[in-house]
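Below is one structure, written out as structure tokens; comments come after it.
Note that these values count all heavy atoms, side chains included, but never hydrogens, waters or copies made by symmetry. Just so we're clear, the structure is a prediction, and the values are computed from it rather than from any experiment.
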Amino acid sequence: MSALSKTSEDGSIIGLEHEPAGETRHERESYLRAGHTLRSWLLTTDHKRIALLYLVSVTFFFFIGGLAAAIMRVDLLTPEADLLTNEGYNRAFTLHGVIMVWFFLIPSIPNVFGNFLIPLMIGARDLAFPRLNLLSWYIYWLGGLFTLWVLVSGGVDTGWTFYTPLSSMFAQGNVVMAATAVFIVGFSSILTGLNFIVTIHTMRAPGMHWGRLPLFVWSHYATSVILVLATPVLTVTLALIAAERLFGLGIFDPALGGDPLLYQHLFWFYSHPAVYIMVLPGLAVVSELVAAAARKPVFGYWFVAYSSIAIAAIGFLVWAHHMFVSGMSMYAGAVFSFLSLVVAVPSGIKVYNWTATLWKGHISLDPPFLFAMGFIGLFVVGGLTGLILAMLAVDVHVHDTYFVVAHFHYIMVGGTVSAYFGALHFWWPKMTGRLYPVFWGRVTAVMIFVGFNLTFFPQFILGFLGMPRRYHVYDQQFQVLHVLSSTGATILGFAYLFPLIYLLYALRHGTPASANPWDVTGLEWTVPSPPPKHNFERIPLVTRKPYDYEVEKEEQS
Amino acid sequence: MSGFLPFWPEQASAYAASVDRLVLAFSALIIVLSAPVFLLIIAFAIKYRRGKPADRSHPMNRNVWVETSWAVIPFLLILIFYVWSTQLYFGLHRPPADALEIEVVAKQWMWKFQHAGGQGEINELHVPTGTNIKLNMISQDVIHSLYLPVLRIKQDVLPGRYTTLWFNADKPGTYRMTCAEFCGTDHSVMGGSIVVQEPDGFSLWLETSATDSTLAAQGAALFRRFGCSGCHEPHSSVRAPSLAGIYGQPVALNNGTAVIADAQYIRDSILLPNAQVAAGYAPIMPTFANVATESDLIALTAYIQSLATDNSRSAPIPTNIAPEGTAP
Amino acid sequence: MSRAAASPPLVPPAKQEHDATLFGMGIFLASEFLLFGGLFTILVFYRIVHGHEVVEASKELHLWIGALNTVVLLTSSLAAALAAKSAKDGDQRLTQRLLLAAAALGAVFLVIKAGEYSLEYGDGMLPVPGGGGQLVEPLSRLFMNIYLVATGLHAVHLTIGIGLFVFTAFRIWHRSIRLPQDQLSIVVPTLYWHLVDIVWIFLYPALYLQR
């Protein structure tokens, strides 16, 4: 294969073959036109259509989870329990957590954009197992239906962490059903991760060796490894909770000599890497967007690529930093604190390298790139407050307070959701073949940035002042900051609704997009927008590195 | 500290002040590390805006030394703070031997405090200034977490296992105390206050709230009520180990190992009597798991502790605590 | 090498599909193994923390029934391996018989296991309603809880394996699988079967041999 790529080093930018294809015209048409029946969507094995099915699904769950958040923010306007009862508030934040983590954040970027783009980016016609891909969407919905059942049957009151013995012996809500929902959706994650790994290993186009993979693919590879290896541990742990609740088979029950901390270890062994499942795809998107924004190769390709792998690997070794005040040995605390600082190194590399990428670039401020820059800012704040939390003595004070809430929202919402919107604005023309009004995209990007900071920055202060999380009856002194936060949340809420309007408007009335509306590199931009059903008429021959803007630069100078 | 927009919490101990120093110093470092990112992104976005003429010659696409240095140097700087904060954390886990001990039982949704003199409080904890205080905590149901923001400390309170928290408050006042670990329906109202008093005020409070008997005396009553005395007292017909003087001492077990007879061991021996049986004795003791509450167990432990002949607690009980039998 | 050679046909070549399927199956099995990995972690943890009691509880299990089951399952794995081999050789009849033999041995395992459960139930050692009368020691109850969950989860996997084998044998009979060209349809379920077997090889010492 290397001999092949050497002989064609002088080829065109991407080295795409334009030979007459042996396909019918129908097959060359847009994937959106390949069948209009409901059946053609619900039984599709086309990765692009499945991506759109996921897009609709995760959007649905995003707004349900968001609604729970909105109710909480209204309730938190006053220090008393007025809108919600104590139990009602507990159910609201549990539902918010469960839906946002497992039904939005984890599947969002991988299942929508990973699904759509990985085959296009590596020059393949589909994922390795197209039917498995569809199956994982159905499994996702099976889990989703259980969640909705939990919702209508009164909810669950354990927090998304399902800590024992609260969840197994004391909680009154529908714990078993909620655990089942998460248990099921876990299999969807495993199958998606498996599909991505095999696809990236076996389906790359000729000449697309590992050093030519877009960074998006590298990060998704790292994400998939975590999905496959960490999810089953959560699955079995939740099964044990259900067994304890349903059949009284106590495994963590302290009355039997069991150890609730063991549950926490197992839970975080999954759930800390799960944080990286949520954020690595965001980093993947931003690496693409930064290069496109600056029209330059990403600074230090290999550092950025391997930093994703390093994050995934070290991410498996930091779980107990959620347990510094749990009664764990102080020596374990010291070790996990150290490892948590180590995992910051590859994240730091990414941020510095992105900044260096912008240097001497041709920077565009179109909507996707505004989202990307917003992402970097918010991710830096989230990451650095993570360092503060990794400091043992400080964590003892701010653990389980709003400081932690603010920290992970900066990573998950400021980071991942910004990246998700960035990706949506960047690849929307490719996915739908339509351009959207750029002005509104810019307005949304700025509003999300401002609204987000107004919502969550006050929460850092609240946490440092000692406001515990999961409290809706609070001390009078915190009210002003809570009101500020709720105000920000209102702005944020509207900002999240805007794209729903103008993107859907663009779907019908937008200007048709060219194959490469942003004028960037990448195999996905060499096919028409929207791509034909089988992506490539002929499988491309890759002869260049990704982000190869040098050719054009030479022309300019 | 009840300003319109508070942003720094009160401090009530030297430890709190040292945590705050760490926070400030570390914040300074992370601002230094992150400011270049924010400033450069904005500067580049302006200077190299697309279509704007600028010197873009010789762009660099990689430089291993630059990249390595911005990976390694911040990390080394952070390690300094790691050592600093880990030292503080270790200090927090090494309570001084002379600390005044207070027993804590958490349950859905209240805090119960037991002083050695028998004084009990609910959702309120009185402590003297300038004294090392050690809280021995256990939960009766789910996991709770005792959080004292003005002291910058918290510790989860587990079912089935004692955890401890120690501090030395130096500023009198009444401060917030909350539960930080989500514990069910009324989690957000499971709070209370810690009342830090000058030693004189504290002794006065102890006197006015003293009860008929000390914690150890309450334990002695339970010891008879549960029938422990029937076997464990000398001259008993059943062969059971004497408990006099065992507290804090190693106990040889019949599996060849030994444990220190601390509060955890005594609690486990009452609830799981056949798990760690003293060497030379038959595993015949019944469990008291469904009989004794956590508060009972604490009282029993205090009683057994009071039987210690050689008084393994090296520090004498502070004189300002009501001694046994001084009930009004 | 010509350029046209770089443009494979629409349908991926059989070799690529074959590799991808085996690779995917490998990842799936790794994932499955980690599922049991959580349970092993729990067992090891309690063994360390409550060594003495766990050993005492483990002594109550029927060591020889477990050993017999280990032999049964290893034999079934041998049959499964032979089935994969004969599938490569293209012997449809033999493959079908070997698959059914492996499935039958799996069923024997389940029958023995059920017998073991009922013995334990009779002894009051099984933590189910009405069956745990003798489990007075909390830690032996904890151990039996783990035992029941772990062996139960294993039995569920084994049942799925039996179903897969019977279904595959049916497809050979129905001629919807042709050998040796469709040998992957035999290899994949046998790989799964080996996983179930290996999990038992770990579970047996972890549960029965802690003495």
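- The two residues A/K360 and B/D55 come nearest to each other via the heavy atoms CE-O, 3.7 Å.
- Residue contact with chain B, scored on non-hydrogen atoms closer than 4.5 Å, is absent for A/F460.
- Within the 4.5 angstrom heavy-atom criterion, only side-chain atoms of B/Y15, from C-beta onward, approach chain A.
- Nearest heavy-atom pair across A/P260 and B/I143 is CB-CD1, 4.0 Å.
- Checking side-chain atoms of B/R176 against main-chain N and O of A/G466 turns up a donor-acceptor pair under 3.5 Å.
- A distance of 6.5 Å separates CD1 in B/I78 from CE in A/M391, rounded to the nearest 0.5 Å.
- The line from CD1 of A/I388 to CZ of B/F26 is 6.5 Å long, rounded to the nearest 0.5 Å.
- No donor-acceptor pair under 3.5 Å is formed between the side chain of A/R470 and the backbone N or O of B/C183.
- Interface remark: B/A289 contributes no atoms to any contact with chain A (heavy atom separation under 4.5 Å).
- Interface remark: A/V396 contributes backbone and side-chain atoms alike to the contact with chain B (heavy atom separation under 4.5 Å).
- Ring pair B/F182/A/Y163: centre-to-centre distance not below 6.0 Å.
- By number of non-hydrogen pairs under 4.5 angstrom with chain B, the leading residue of A/T385, A/D259, A/L358 is A/L358.
- One distance of note links CD of A/E87 with CG of B/D186; it measures 8.5 Å at 0.5 Å rounding.
- Proximity to chain A (any heavy atom under 4.5 Å) is shown, for B/T68, by both the backbone and the side chain.
- Atom NZ of B/K171 has more than 12 neighbouring heavy atoms from other residues, nucleotides or ligands inside a 6.0 Å radius.
- When each of A/F299, A/Y352, A/W302 is paired with B/E67, the side chain to side chain contact (heavy atoms under 4.5 Å, CB included) condition holds for A/F299 and for no other.
- Proximity to chain B is limited to the backbone of A/A293, based on heavy atoms less than 4.5 angstrom apart.
- Considering all non-hydrogen atoms of both residues, A/S326 and B/Q155 come closest at C-NE2, 3.8 Å.
- The residue among A/N353, A/V380, A/T85 with the most heavy atom pairs within less than 4.5 Å of chain B is A/N353.
- Of the listed residues B/L79, B/V37, B/L40, B/L88, the one with more heavy-atom pairs under 4.5 angstrom with chain A than any other is B/V37.
- With a threshold of 4.5 angstrom between heavy atoms, A/V473 approaches chain B through its backbone and through its side chain.
- Proximity to chain A is absent for every atom of B/Q87, based on heavy atoms less than 4.5 angstrom apart.
- Most heavy-atom pairs under 4.5 Å with chain A: of the set B/T163, B/T86, B/I41, this distinction falls to B/I41.
- At a 4.5 Å heavy-atom cutoff, the contact between A/L384 and chain B is made by backbone and side-chain atoms alike.
- When each of A/M330, A/M169, A/Q476 is scored by its heavy-atom pairs under 4.5 Å with chain B, the top score falls to A/M330.
- Most heavy-atom pairs under 4.5 Å with chain A, from the set B/V23, B/I42, B/V19: that is B/V23.
- Only the side chain of A/I376 has a heavy atom closer than 4.5 Å to any heavy atom of chain B.
- Contacts between A/F93 and chain B at a heavy-atom distance below 4.5 Å involve the side chain alone, from C-beta outward.
- The choice from A/A344, A/A356, A/S337, A/G159 that makes the most heavy-atom pairs within less than 4.5 Å of chain B is A/S337.
- When heavy atoms are compared at a cutoff of 4.5 Å, B/A54 does not approach chain A at all.
- Shortest non-hydrogen contact noted between A/D395 and B/K154 is O-NZ, 4.4 Å.
- Side-chain N or O atoms of B/Y82 include one that pairs as donor or acceptor with a backbone N or O of A/A334 at under 3.5 Å.
- The part of A/T158 that comes within reach of chain B is its backbone (N, CA, C, O), which places non-hydrogen atoms under 4.5 angstrom from that chain.
- Between the CZ atom of B/F44 and the OG1 atom of A/T355 there is a distance of 7.5 Å, given to the nearest 0.5 Å.
- Under the 3.5 Å distance criterion, the side-chain polar atoms of B/Y147 are left unmatched by any main-chain donor or acceptor of A/D400.
- Nearest heavy atom pair, residue A/R469 against residue B/H187, reads O-NE2, 3.5 Å.
- Listed options B/R161, B/R94, B/M190, B/K52 were ranked by heavy-atom pairs under 4.5 angstrom with chain A; first place goes to B/R161.
- Options B/V66, B/T185, B/D20 differ in how many heavy-atom pairs under 4.5 Å they form with chain A, and the most are formed by B/T185.
- Contacts of A/F338 with chain B are made by both backbone and side-chain atoms, with heavy-atom separations under 4.5 Å.
- Using the six-membered ring where Trp is involved, A/Y331 and B/F90 have ring planes that are perpendicular, over 60° apart on the 30 and 60° scheme.
- Checking side-chain atoms of A/Y471 against main-chain N and O of B/C179 turns up a donor-acceptor pair under 3.5 Å.
- For A/S167, no part lies under 4.5 angstrom from a heavy atom of chain B.
- The CZ atom of B/R50 sits 7.5 Å away from atom CG of A/D519, with the distance rounded to the nearest 0.5 Å.
- Looking at A/Q479, neither its backbone nor its side chain comes within 4.5 Å of chain B, counting heavy atoms on both sides.
- The 12-atom threshold is exceeded at OH of B/Y265, counting heavy atoms of other residues, nucleotides or ligands nearer than 6.0 Å.
- Considering every non-hydrogen atom in both B/W70 and A/I349, the closest pair reads NE1-O, 4.2 Å.
- Contact of A/V342 with chain B is made through backbone and side chain together, with heavy-atom distances under 4.5 Å.
- Judged purely by atom type and a 3.5 angstrom limit, A/N86 has no side-chain atom pairing as donor or acceptor with the backbone of B/S188.
- Interface summary for chain A: among B/V150, B/D141, B/L22, the most heavy-atom pairs under 4.5 angstrom belong to B/D141.
- Per-residue counts of heavy-atom pairs under 4.5 Å with chain B were compared for A/L365, A/I461, A/V351; the largest is that of A/L365.
- Taking CD of B/E181 as the reference point, atom NE2 of A/H399 lies at 6.0 Å (rounded to 0.5 Å).
- When each of A/D157, A/I363, A/N90, A/L341 is scored by its heavy-atom pairs under 4.5 Å with chain B, the top score falls to A/I363.
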>> Pair B/T178, A/Y474 - check side chain to side chain contact (heavy atoms under 4.5 Å, CB included), show working.
In response: CA-CA 10 Å; B/T178 61; A/Y474 56 83; over 6 Å; no

> side chain to side chain contact (heavy atoms under 4.5 Å, CB included) between A/F303 and B/V64: does it pass, once the steps are laid out?
Replying inline: CA-CA 9 Å; A/F303 266 77; B/V64 174; 4.3 Å; yes

